[in-house]
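Just so it is clear, the values below take in all heavy atoms, side chains as well, and ignore hydrogens, waters and symmetry mates. These numbers come from a predicted model, not from an experiment. Naming: A, B, ... by sequence-line order, numbering from 1 per chain.
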Amino acid sequence: MRYWLMKSEPHDFSIDDLENRPNQTEPWDGVRNYQARNFMRDGMSVGDRALFYHSNTKVPGVVGIMKIVSEAYPDPTAFDPEDKHYDPKSNPDNPRWYHVDVGFERKLSRTIGLSEIKARADEFGDFQLIRKGNRLSIMPVSKAQWDLILSME
DNA sequence: GCCAACGTTGGC
DNA sequence: GCCAACGTTGGC
């Protein structure tokens, strides 16, 4: 089993939105970055777990835990001209974008802020989240990093 | 709202 | 294949 971190802007889709979905699952659609796609398509397996991270908000940070509940499959929003994430270069015969479904596991009792994580950068070691200029929305997390974040809850 | 950092596009 | 221009991400 692997560990991941997945970012979402809470005004687009938040941990509460996920919790309130009928089955508490949701396709993690709209990813249009090759590295992030490759992590979902080639790296993830059902049963993996992921930190839900709120980005571009007042207190950016880790807010909950999800599990990966599907294998990767083509992202249909790329085929829909009406969709915000439409990509004319992706089509059903040759899909460019893939995603997985995620499931709600639990909310953290509080937000583990990015600033708190940065303050302990030494303990986290090489962590994409706190690399300078990081813009990746999906990234792997080591077991040690996972445990460290949850120990800060 | 600003802007630095980054990824993508497209002309050459 | 290079690289300038552009669009996006995301912290602050």
Nearest whole Å is fine: how far is dT8(C) P from R32(A) CZ? 13 Å
In whole angstroms, how far is the P atom of dT8(C) from the CG atom of D12(A)? 14 Å
With respect to the side chain of N33(A), which nucleotide from dG11(C), dT9(B), dG7(B) is positioned closest? dG7(B)
Write down the distance between NZ (K118(A)) and P (dG10(C)), rounded to a whole number of angstrom. 12 Å
Let me spell it out: for each of N56(A) and N134(A), pick the nucleotide of DNA chain B with the closest heavy atom. Which residue's pick is nearer the 5' end? N56(A)
CZ/R96(A): more than 12 non-hydrogen atoms of other groups inside 6.0 Å: yes
Might you point out which heavy atoms bring F39(A) and P140(A) nearest each other, and give the distance in Å? CZ-CD, 3.5 Å
Integer-rounded Å distance: dG10(C) P and F13(A) CZ: 16 Å
How many Å lie between CD on Q128(A) and C1' on dG10(C), as a whole number? 15 Å
Quick one: does E9(A)'s side chain have a donor or acceptor within less than 3.5 Å of a partner on S55(A)'s backbone? no
If only side-chain N and O atoms of Y53(A) are considered, is one of them under 4.0 Å from the OP1 or OP2 phosphate oxygen of dT9(C)? no
Among dG10(C), dA5(B), dG10(B), find the nucleotide with the atom closest to the side chain of K132(A). dA5(B)
Measure CG/L136(A) against P/dG11(C) and give the value in whole Å, please. 13 Å
Whole-Å gap separating P (dG10(C)) and CD1 (I130(A)): 16 Å
Taking distance alone, no hydrogens or angles, what donor-acceptor pairs closer than 3.5 Å link side-chain atoms of residues 70-81 of chain A to residues at least two apart or in another chain?
residue: S70(A); atom: OG; partner: D101(A); partner atom: N; Å: 2.8
residue: Y73(A); atom: OH; partner: H99(A); partner atom: NE2; Å: 3.2
residue: Y73(A); atom: OH; partner: D101(A); partner atom: OD1; Å: 2.5
residue: Y73(A); atom: OH; partner: D101(A); partner atom: OD2; Å: 3.4
residue: D75(A); atom: OD1; partner: T77(A); partner atom: N; Å: 2.9
residue: D75(A); atom: OD1; partner: T77(A); partner atom: OG1; Å: 2.7
residue: D75(A); atom: OD2; partner: G30(A); partner atom: N; Å: 2.9
residue: D75(A); atom: OD2; partner: R32(A); partner atom: NH1; Å: 3.0
residue: D75(A); atom: OD2; partner: T77(A); partner atom: OG1; Å: 3.3
residue: T77(A); atom: OG1; partner: R32(A); partner atom: NH2; Å: 3.0
residue: D80(A); atom: OD1; partner: E82(A); partner atom: N; Å: 2.8

Would you compute the distance between atom CH2 of W4(A) and atom CE of M40(A) and round it to the nearest 0.5 angstrom? 10.5 Å
So what does K58(A) touch, heavy atoms closer than 4.0 Å: a base, only the sugar-phosphate, or nothing? nothing
Taken to the nearest whole Å, CZ/R96(A) to C1'/dT9(B) is 11 Å
Distance below 4.0 Å between K7(A) side-chain N/O and dT8(C) OP1 or OP2: no
To the side chain of K89(A), which of dG11(C), dG10(B), dG10(C) is closest? dG10(B)
